[in-house]
Amino acid sequence: MYKALEERVRKTLLHHIHERYKTDVPLVTERPPELSMGEIASPVCFELAKRLKKPPRALAQEIANSLKPIPGVARVEVAGGGYLNVFIDRAGFFRATCEEASKESTGAPVAAVPGAHKVIVEHTSINPNKAAHIGHLRNAVLGDTFARLLRYTGHRVEVQNYIDNTGVQVADVVLGFLHLEPQSLDEVRGLAAAPKFDYVCWDLYTRVTQWLAEDKSRLRMRADTLKQIEEGHGAAAQMAEIVATAIVDRHLKTVGRLGIGYDLLTRESDVLHLKFWDSAFEMLKQRGAIQLATSGKNQGCWVMQLPSNAENPAETAAPAPEEEPSELAEAKIIVRSNGTVTYVGKDIAYHLWKFGLLRKDFYYRRFGQSKDETGVWVTSSVPGAGSHPEFGHAREVYNVIDARQAYPQQVVAAGLRGLGYTEPADRLKHFSYNVVALTPRCARELGYEIPEEDAKKPYIEVSGRKGQGVKADDLIDRLEASAGKEVESRHPELAGTAEGRQMVDAISKGALRYFLLRYTRSTVIAFDFHDALSFEGETGPYVQYAVVRVQGIWRKGAERDPQFAGGDAIDPAEHGTVERFLAPGAGDDLWELIALAGSLDARVEAALTAQEPAFLTRYAFELAQAFNVFYHKHHILSEEDPWKRAFLLKLVWLARQQLVATLALLGITAPEKM
RNA sequence: GCGCCCGUAGCUCAGAUGGAUAGAGCGUGUGCCUCCGAAGCACAAGGCCGGGAGUUCGAAUCUCCCCGGGCGCGCCA
């Protein structure tokens with residue numbers, strides 16, 4: 001509701017200034033620091049004063065006096081040196097917010113706006129050769145939450161998880177099963193069917209890394225293995241298929257514990273076998289987007305020139321004709337002199353497909369052994385039976401990839417641009433985030449040797465190749481154990497019941513998702529079990545608890561009075577009492593909660609524009625905090641004035657609606673009790 | 001060397017698009033369960049926003065220069 005009103009105020013002011021002063025100024029609105037200053041403020045008169053050479057305060061006064069009434073606004077005041085402070089019509093805002101909230105879905109996906117363009121969000125994309133760790137979880141949770149935000153605002157969203165099943169990381173594990181700890185195909189199949197196969201591979205991968213380091217000649221074996229896997233034949237390829245498929249299955253189960261799923265798994269092997277690259281290569285050559293270097297250090301390679309000035313690609317797009325590509329420092333190799341394509345080359349082809357610009361498509365089937373029709377879709381190299389949804393053909397693409405990969409992402413965009421697809425290139429967004437590191441204390445706790453000079457650092461990055469890091473399932477297990485203890489101490493009667501398990505599940509999931517989302521994307525998370533396992537303060541369970549308190553009120557109310565109706569109590573709005581309870585002064589604290597509860601739309605908007613899910617965790621916390629303050633101040637069930645009681649109940653209902661909706665966007669549910 | 005990110009309370013972090021008195025959580029100290037659940041609430045202590053210059057009516061936020069940290073820049077993926 002707040003967003004709509006803010007926009008209306010902004011438009012009215014702009015129009016008014018345009019009419020009265022015949023000038024257009026950039027107009028921003030903001031939240032005043034205190035409620036006594038209104039709910040919407042604009043410093044526009046400072047800017048206007050500069051242009052008109054008049055004192056800002058006088059201008060503000062003029063505008064405030066001459067402005068026609070704005071629907072939903074009670075009054076406009078002048079404050080400070082020339083601020084325009086807008087005071088919302090409290091009762092009207094309350095009614096409108098309740099109206100909106102009653103239509104709100106509480107978690108179910110919102111139907112896309114008819115005719116909406118498709119947005120692809122790619123996230124997770126873990127190498128399928130070992131167990132997922134906390135860094136992967138940050139990726140998946142960020143991507144999943146952003147997709148929820150897009151869906152909530154009416155976008156058509158397709159979530160993809162890219163599976164690099166033909167890369168060196170898979171090859172390393174296959175190498176381990178072939179040479180380091182030889183196993184037959186059947187034996188590997190057996191291992192892959194066992195529960196903790198991803199942990200087995202985690203350890204094997206570590207040993208292979210060391211084994212390769214011990215004797216560099218073994219790198220040749222790896223190259224051969226990789227080649228076999230890429231070409232898709234031989235024992236190595238079969239083993240890679242078994243390993244990758246089983247690990248992907250493990251990853252899906254792990255992220256599934258946090259409520260994360262996908263529309264499509266795209267496999268690199270299918271990109272290769274369907275020769276997506278060949279098509280892309282032709283396009284790139286035809287458009288001159290890549291050149292064959294005829295001399296210099298890159299001789300024999302196909303290279304792409306990158307604009308040296310990223311901010312102004314147009315200026316550098318056309319190089320001087322006499323310039324030799326081989327001499328350009330900014331050239332990026334796309335095809336090696338031996339004719340094989342690099343990773344970015346494949347990625348360019350894949351992204352052409354994402355935008356529907358490649359004249360090729362995958363085949364599709366359901367993932368998994370079971371023949372059910374519910375499994376996630378996965379790409380295939382061979383025609384499958386039956387129909388499938390249309391995949392790809394996005395207008396906009398978000399790639400959730402950590403900040404270290406900013407450069408390759410730029411190369412992909414440059415590739416699109418080189419083909420003349422400037423608009424798709426602009427709509428290819430790198431949803432960048434920083435890594436999850438460990439605090440030195442945490443690293444020592446896990447038994448890693450930390451040099452003295454590193455012990456003072458705020459965080460240290462550990463090596464996945466060395467098998468260091470916190471495995472996702474281990475962390476979730478610890479959270480569940482910890483939540484289980486809390487639940488048991490509060491509700492011993494629920495031990496072992498389905499309700500108890502659901503409670504533990506909701507709390508641990510809520511704590512973890514909230515923890516990973518509360519940091520802004522550019523922050524390196526210094527992971528520590530103490531913070532991640534906390535259920536107090538700014539955490540998911542704190543917000544969940546606010547919702548649980550509402551259920552408590554309803555439950556208690558129903559126990560005492562069979563007629564009690566909770567959120568559906570008599571509508572106080574219809575009896576003219578809302579104005580009384582929200583009157584400036586006495587009603588300020590209630591109004592504060594309402595103003596915040598009505599700001600969900602504005603916060604969602606901000607989170608989307610800034611691509612910053614952390615804005616929403618912040619909002620959830622603020623709202624829960626405001627509700628808790630309200631809860632302690634007003635005792636609802638013992639309120640004697642029936643109108644006041646009805647009003648407070650409606651307010652409780654509203655706060656709950658907004659909290660539940662916000663949590664749903666964060667992928668968190670609140671249990672009935674906790 | 002070039003490019004990107006970061007430096008805010010003892011610790012971990014918010015302060016998007018420049019705005020009014022820089023905020024949370026954790027930790028510390030003190031209160032509050034006969035009262036809708038204390039996974040909570042209230043109060044207190046704690047800050048040259050890394051340093052310096054500049055732009056502006058106004059700078060934690062923008063520009064430049066330092067200092068300190070992290071990450072990229074491969075015929076790896």
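Lettering of chains follows the sequences in order, A, B, ..., and the numbering in each one begins at 1. None of the values given here were measured: they were computed from a predicted structure.
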Aromatic ring pairing A:Phe146/A:Tyr398, orientation class (parallel under 30°, perpendicular over 60°, tilted between):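 Perpendicular: the ring planes of A:Phe146 and A:Tyr398 meet at over 60°.
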Mutual orientation of the aromatic rings belonging to A:Tyr83 and A:Phe46 [parallel < 30°, tilted 30-60°, perpendicular > 60°]: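 A:Tyr83 vs A:Phe46 ring planes: perpendicular.
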Listed nucleotide nearest any side-chain atom of [X], set [options]:
{"X": "A:Tyr83", "options": "B:G19, B:C41, B:C6", "value": "B:G19"}
{"X": "A:Ser522", "options": "B:A42, B:G37, B:C6", "value": "B:C6"}
{"X": "A:Arg490", "options": "B:A20, B:A39, B:C36", "value": "B:A39"}
{"X": "A:Thr523", "options": "B:A39, B:A14, B:A20", "value": "B:A14"}
{"X": "A:His491", "options": "B:G37, B:A20, B:C41", "value": "B:G37"}

Looking for any heavy atom pair under 4.0 Å, which part of the strands does [X] touch: base, sugar-phosphate only, or nothing?
{"X": "A:Phe535", "value": "base"}
{"X": "A:Val550", "value": "nothing"}
{"X": "A:Ala41", "value": "base"}
{"X": "A:Tyr545", "value": "base"}
{"X": "A:Gly552", "value": "sugar-phosphate"}
{"X": "A:Asp402", "value": "nothing"}
{"X": "A:Glu612", "value": "nothing"}

Rounded to whole angstrom, note down the [atom1] distance from [N] over to [M].
{"N": "B:G47", "M": "B:C2", "atom1": "P", "answer": "39 Å"}
{"N": "B:C48", "M": "B:G29", "atom1": "C1'", "answer": "27 Å"}
{"N": "B:G19", "M": "B:U34", "atom1": "P", "answer": "47 Å"}
{"N": "B:U61", "M": "B:U17", "atom1": "P", "answer": "11 Å"}
{"N": "B:C73", "M": "B:C26", "atom1": "P", "answer": "40 Å"}
{"N": "B:A9", "M": "B:G50", "atom1": "P", "answer": "8 Å"}
{"N": "B:U12", "M": "B:G7", "atom1": "P", "answer": "12 Å"}
{"N": "B:G54", "M": "B:C11", "atom1": "P", "answer": "31 Å"}

Distance check needed: [N] [atom2] versus [X] [atom1], whole Å only.
{"X": "A:Gln410", "N": "B:C2", "atom1": "CD", "atom2": "C1'", "result": "13 Å"}
{"X": "A:Glu538", "N": "B:G27", "atom1": "CD", "atom2": "P", "result": "14 Å"}
{"X": "A:Phe630", "N": "B:C36", "atom1": "CZ", "atom2": "P", "result": "15 Å"}
{"X": "A:His530", "N": "B:U12", "atom1": "NE2", "atom2": "P", "result": "13 Å"}
{"X": "A:Leu516", "N": "B:U12", "atom1": "CG", "atom2": "P", "result": "18 Å"}
{"X": "A:Phe527", "N": "B:C26", "atom1": "CZ", "atom2": "C1'", "result": "16 Å"}
{"X": "A:Glu30", "N": "B:G58", "atom1": "CD", "atom2": "C1'", "result": "12 Å"}
{"X": "A:Met503", "N": "B:G37", "atom1": "CE", "atom2": "P", "result": "14 Å"}

Given that both distances must come in under 3.5 Å, which nucleotide forms a Watson-Crick or G-U wobble pair with [N]?
{"N": "B:U12", "value": "B:A24"}
{"N": "B:C62", "value": "B:G54"}
{"N": "B:G18", "value": "none"}
{"N": "B:C2", "value": "B:G72"}
{"N": "B:G7", "value": "B:C67"}
{"N": "B:A42", "value": "B:U30"}

Side chains of [Y] and [X]: any donor to acceptor distance under 3.5 Å?
{"X": "A:Arg336", "Y": "A:Thr340", "answer": "yes"}
{"X": "A:Thr124", "Y": "A:Asn161", "answer": "no"}
{"X": "A:Asn628", "Y": "A:Tyr545", "answer": "no"}

When you measure from the side-chain N and O atoms of [X] to the phosphate of [N], is any distance below 4.0 Å, counting only OP1 and OP2?
{"X": "A:Asn628", "N": "B:G40", "result": "no"}
{"X": "A:Thr539", "N": "B:G25", "result": "no"}
{"X": "A:Gln625", "N": "B:C41", "result": "no"}

A:Leu212 backbone acceptor or donor facing A:Arg218 side chain under 3.5 Å: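 No; zero donor-acceptor contacts below 3.5 Å.
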Pair of N/O donor and acceptor under 3.5 Å linking B:A14 base with A:Arg518 side chain: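 Under the 3.5 Å cut-off, the side chain and the base do not form any donor-acceptor pair.
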Heavy atoms of other groups near A:Glu488 CD, more than 12 under 6.0 Å: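 No, the 6.0 Å shell around CD holds no more than 12 heavy atoms from other groups.
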A:Glu672, CD atom: more than 12 neighbouring heavy atoms under 6.0 Å: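 Counting other residues, nucleotides and ligands, CD of A:Glu672 stays at 12 neighbours or fewer.
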A:Tyr350 ring center within less than 6.0 Å of A:Tyr162 ring center: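 Close enough - the centres of the two rings lie under 6.0 Å apart.
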Row check, A:Phe527 ring normal vs A:Arg138 NZ/CZ: under 6.0 Å, within 45°: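 Not flagged: A:Arg138 not positioned over aromatic ring of A:Phe527.
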cation_pi(A:Arg478, A:Phe529) dist<6.0 Å, angle<=45: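 Output yes; distance and angle both within limits.
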Reference residue A:Asn399; test side-chain hydrogen bond (donor to acceptor under 3.5 Å, both in side chains); the match among A:Gln405, A:Gln409, A:His430: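 The passing option is A:Gln409.
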Test item: A:Glu592 and A:Phe630 side chains (from C-beta on) under 4.5 Å apart, heavy atoms: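 No, every pair of side-chain atoms sits at 4.5 Å or beyond.
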Check: A:Ser125 and A:Ile401 side chains under 4.5 Å, non-hydrogen atoms: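 Counting from C-beta outward, A:Ile401 and A:Ser125 never come under 4.5 Å.
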Syn/anti state of B:C33 by chi, 90° boundary around 0: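 B:C33: syn glycosidic orientation.
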Contact nearer the 5' end of RNA chain B, comparing A:Thr29 with A:Ser534: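 Counting from the 5' end, the first nearest nucleotide belongs to A:Thr29.
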Any residue of residues 614-623 of chain A with a heavy atom less than 4.0 Å from an atom of RNA chain B: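 The stretch gives A:Phe615, A:Arg618, A:Phe621 as the residues lying under 4.0 Å from the strand, ordered by number.
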Heavy-atom protein contacts under 4.0 Å, nucleotides 68-77 of chain B, coded B base, S sugar-phosphate only, - none: --SSSS-BSB
Is_stacked (A:His635, B:C36) at 5.5 Å, 30 deg: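 Yes, A:His635 stacks on the base of B:C36, since the ring centres sit under 5.5 Å apart and the planes are within 30°.
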